[in-house]
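Each remark here refers to the structure printed beneath this line.
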Amino acid sequence: MSGLSFLSKERIVARPGYSRWLIPPAALCVHLCIGQAYAFSVFNLPMTKLLGITASTPDDWTIPELGWIFSIAIAVLGLSAALLGRWVEEGGPRKAMFTAALCWGGGFVVSSIGVYIHQIWLIYLGYGVLGGFGLGIGYISPVSTLIKWFPDRPGMATGMAIMGFGGAAFIASPLSVWLMAEFSTPEHVGVAETFLLMGAIYVCFMMVGAVIVRVPAPGWKPAGYVAPVQPKKLITTQNVYVYDAVKTPQFWLIWLVLCLNVTAGIGVLGQASAMSQEMFPGRVTPVAAAGFVGLMSLFNMGGRFLWASVSDYIGRKNTYFIFFLLGALLYAAVPYTGEIGALPLFVAAYAVIYTMYGGGFATVPAYLKDMFGTRYVGAIHGLLLTAWSVAGVAGPALVNYIREYNLAHGVAKAQAYNVTMYVMAGLLVVGFICNYFVTAVHERYHMKRREAGAETETETGAATA
């Protein structure tokens with residue numbers, strides 16, 4: 001495969017004088033594309049009318065059936081990140097970004113065929129499985145690289161990249177609505193063509209990121225940066241091998257912290273467009289709902305950079321304490337905003353919620369770096385994202401099926417989400433407790449000096465070659 005040698009990690013070692021500030025744009029090229037997953041809810045209602053055009057027919061798909069597309073994609077995201085995290089770490093970010101682009105764009109192509117012939121299993125396979133692999137590989141591809149380029153500000157670094165994933169819906173949501181309108185006719189909903197065109201656009205942009213990304217040379221440090229010799233509280237100076245990390249209680253406590261935080265947000269995010277229209281009937285149009293999704297995307301994106309940067313000063317554990325405590329209070333207050341018809345308060349509550357939802361994703365890589373060191377943080381992060389897989393199934397399922405149960409028992413659409421909000425608040429309380437029990441990793445899990453030295457020599461030799 002000599003023709004693909006330009007993808008190898010050895011070919012992208014940065015030369016002296018290379019600016020590390022070129023790495024965040026490379027990461028954003030990928031995350032701004034795969035983050036479209038957060039805007040998928042704008043397709044849900046149109047895809048319930050593919051046959052009926054103006055109204056659903058008995059043969060059209062239902063919201064719970066369509067909800068599984070997003071859930072499968074997120075589940076495969078976590079599984080692929082866990083299975084291929086070590087491959088991404090060893091193969092380098094360019095190879096990972098290139099592969100992610102092909103999977104993500106290919107998922108849209110397969111899904112467009114599924115829409116055209118009205119076979120939902122093809123969409124599960126395309127967007128869910130193939131696209132899910134693109135999500136998982138693309139999501140973790142720049143994380144380890146950014147932490148190595150920014151050892152002085154790991155939270156800010158991961159926040160810069162991962163904010164793109166949260167902010168992508170701000171672009172994808174209105175773009176999707178506009179493209180569907182352009183491709184629609186009185187006898188046809190333009191979902192298939194929209195999928196096809198968006199897939200092509202995303203492949204092109206992700207390839208740009210793959211071309212410009214670089215990894216630092218072994219031993220590189222920012223000018224003036226001195227690595228700490230003594231560990232601080234909850235920040236180690238040692239490294240833990242990737243498969244030893246999963247043997248620690250800290251890994252599983254952080255796994256639960258991420259899972260509970262994501263479950264509370266992702267279910268609502270997956271139905272944000274439909275929920276805003278049903279809780280405020282007549283006041284929120286489909287176009288306004290798409291705008292709501294886009295606005296939440298902005299707060300999701302901003303929260304990733306804001307909270308991850310704040311965590312560099314107050315610590316990761318304290319940052320998550322804020323997420324869980326404030327988040328539980330806001331989720332419990334959402335039903336009240338619907339009861340009194342306070343649309344601005346509803347939007348404001350979710351704006352803050354989504355800053356913390358996004359902030360949780362951006363802060364967790366630095367949390368792992370503090371616990372387990374920098375050597376295998378990318379692979380450990382990939383394993384941890386199985387928490388996202390579980391949350392990606394549990395969150396939307398809770399929202400969709402509790403909604404269906406309430407509607408079947410005569411509950412008005414405007415109140416169909418109330419019980420779910422209280423359940424989400426309870427999950428955040430449990431997350432607060434899990435975060436409380438996170439402590440420093442015991443030294444018996446640390447890599448021995450000889451092991452660490454041998455691996456450094458191997459990496460240096462490969463880079464020199």
Side-chain angles (χ1 to χ4, degrees), residues 1 3-9 11-12 21-40 42-43 69 73 76-77 80 84 88 91-116 123 125-143 145-146 160-183 190-215 294 297 301:
M1 299 294 288
L4 297 178
S5 61
F6 72 96
L7 298 176
S8 67
K9 192 174 183 179
R11 293 288 296 272
I12 60 172
W21 293 101
L22 294 174
I23 305 303
L28 285 171
C29 284
V30 175
H31 277 235
L32 281 172
C33 293
I34 62 177
Q36 183 276 341
Y38 280 153
F40 193 81
V42 301
F43 290 109
I69 301 170
V76 175
L77 182 160
S80 61
L84 299 173
V88 170
R94 175 176 288 177
K95 185 181 293 184
M97 290 177 178
F98 180 86
T99 305
L102 296 182
C103 291
W104 184 236
F108 275 90
V109 173
V110 174
S111 296
S112 69
I113 298 172
V115 171
Y116 184 75
I123 306 177
L125 176 64
Y127 194 96
V129 178
L130 185 57
F133 268 95
L135 283 170
I137 298 169
Y139 190 87
I140 64 174
S141 60
V143 170
T145 302
L146 278 162
M160 281 191 293
I162 295 177
M163 74 175 184
F165 194 94
F170 183 72
I171 301 171
S173 181
L175 175 63
S176 301
V177 172
W178 179 73
L179 287 175
M180 284 189 288
E182 289 294 308
F183 288 123
V191 176
E193 296 87 348
T194 300
F195 277 169
L196 196 60
L197 181 57
M198 291 181 73
I201 293 171
Y202 287 145
V203 168
C204 294
F205 274 94
M206 292 173 75
M207 290 300 181
V208 172
V211 169
I212 65 177
V213 73
R214 296 290 185 276
V215 297
S297 172
M301 177 179 64

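What you see is a predicted model, and the numbers here were worked out from it, not measured in a lab. We number each residue from 1, following the sequence as shown.
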Worksheet item: More than 12 non-hydrogen atoms from neighbouring residues, nucleotides or ligands closer than 6.0 Å to OH on Tyr116, yes or no?
Response: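 No, because the 6.0 Å sphere around OH of Tyr116 holds 12 heavy atoms or fewer from other groups.
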Do [X] and [Y] make a side-chain contact, defined as non-hydrogen atoms from C-beta onward lying under 4.5 Å apart?
{"X": "Phe133", "Y": "Thr99", "result": "no"}
{"X": "Cys29", "Y": "Met97", "result": "no"}
{"X": "Val115", "Y": "Phe195", "result": "yes"}
{"X": "Val215", "Y": "Pro93", "result": "yes"}
{"X": "Lys9", "Y": "Arg94", "result": "no"}
{"X": "Trp104", "Y": "Val203", "result": "no"}
{"X": "Phe43", "Y": "Phe40", "result": "yes"}

Which atom of [X] lies closest to which atom of [Y], heavy atoms considered:
{"X": "Ser112", "Y": "Ala192", "result": "CB-O, 3.3 Å"}
{"X": "Ile34", "Y": "Leu135", "result": "O-CD2, 3.2 Å"}
{"X": "Ile69", "Y": "Ile123", "result": "CD1-CG2, 3.6 Å"}
{"X": "Gln36", "Y": "Tyr127", "result": "OE1-OH, 2.7 Å"}

Measure the [atom1]-[atom2] distance between [X] and [Y] for me, rounded to the nearest 0.5 Å.
{"X": "Leu102", "Y": "Ile137", "atom1": "CG", "atom2": "CD1", "value": "10.0 Å"}
{"X": "Ile201", "Y": "Met206", "atom1": "CD1", "atom2": "CE", "value": "13.5 Å"}
{"X": "Ser80", "Y": "Leu130", "atom1": "OG", "atom2": "CG", "value": "10.5 Å"}

Fill in: Check: Phe108 main-chain N/O paired with Ser111 side-chain donor or acceptor under 3.5 Å
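No; judged by distance alone, with no hydrogens or angles, the pair does not exist.
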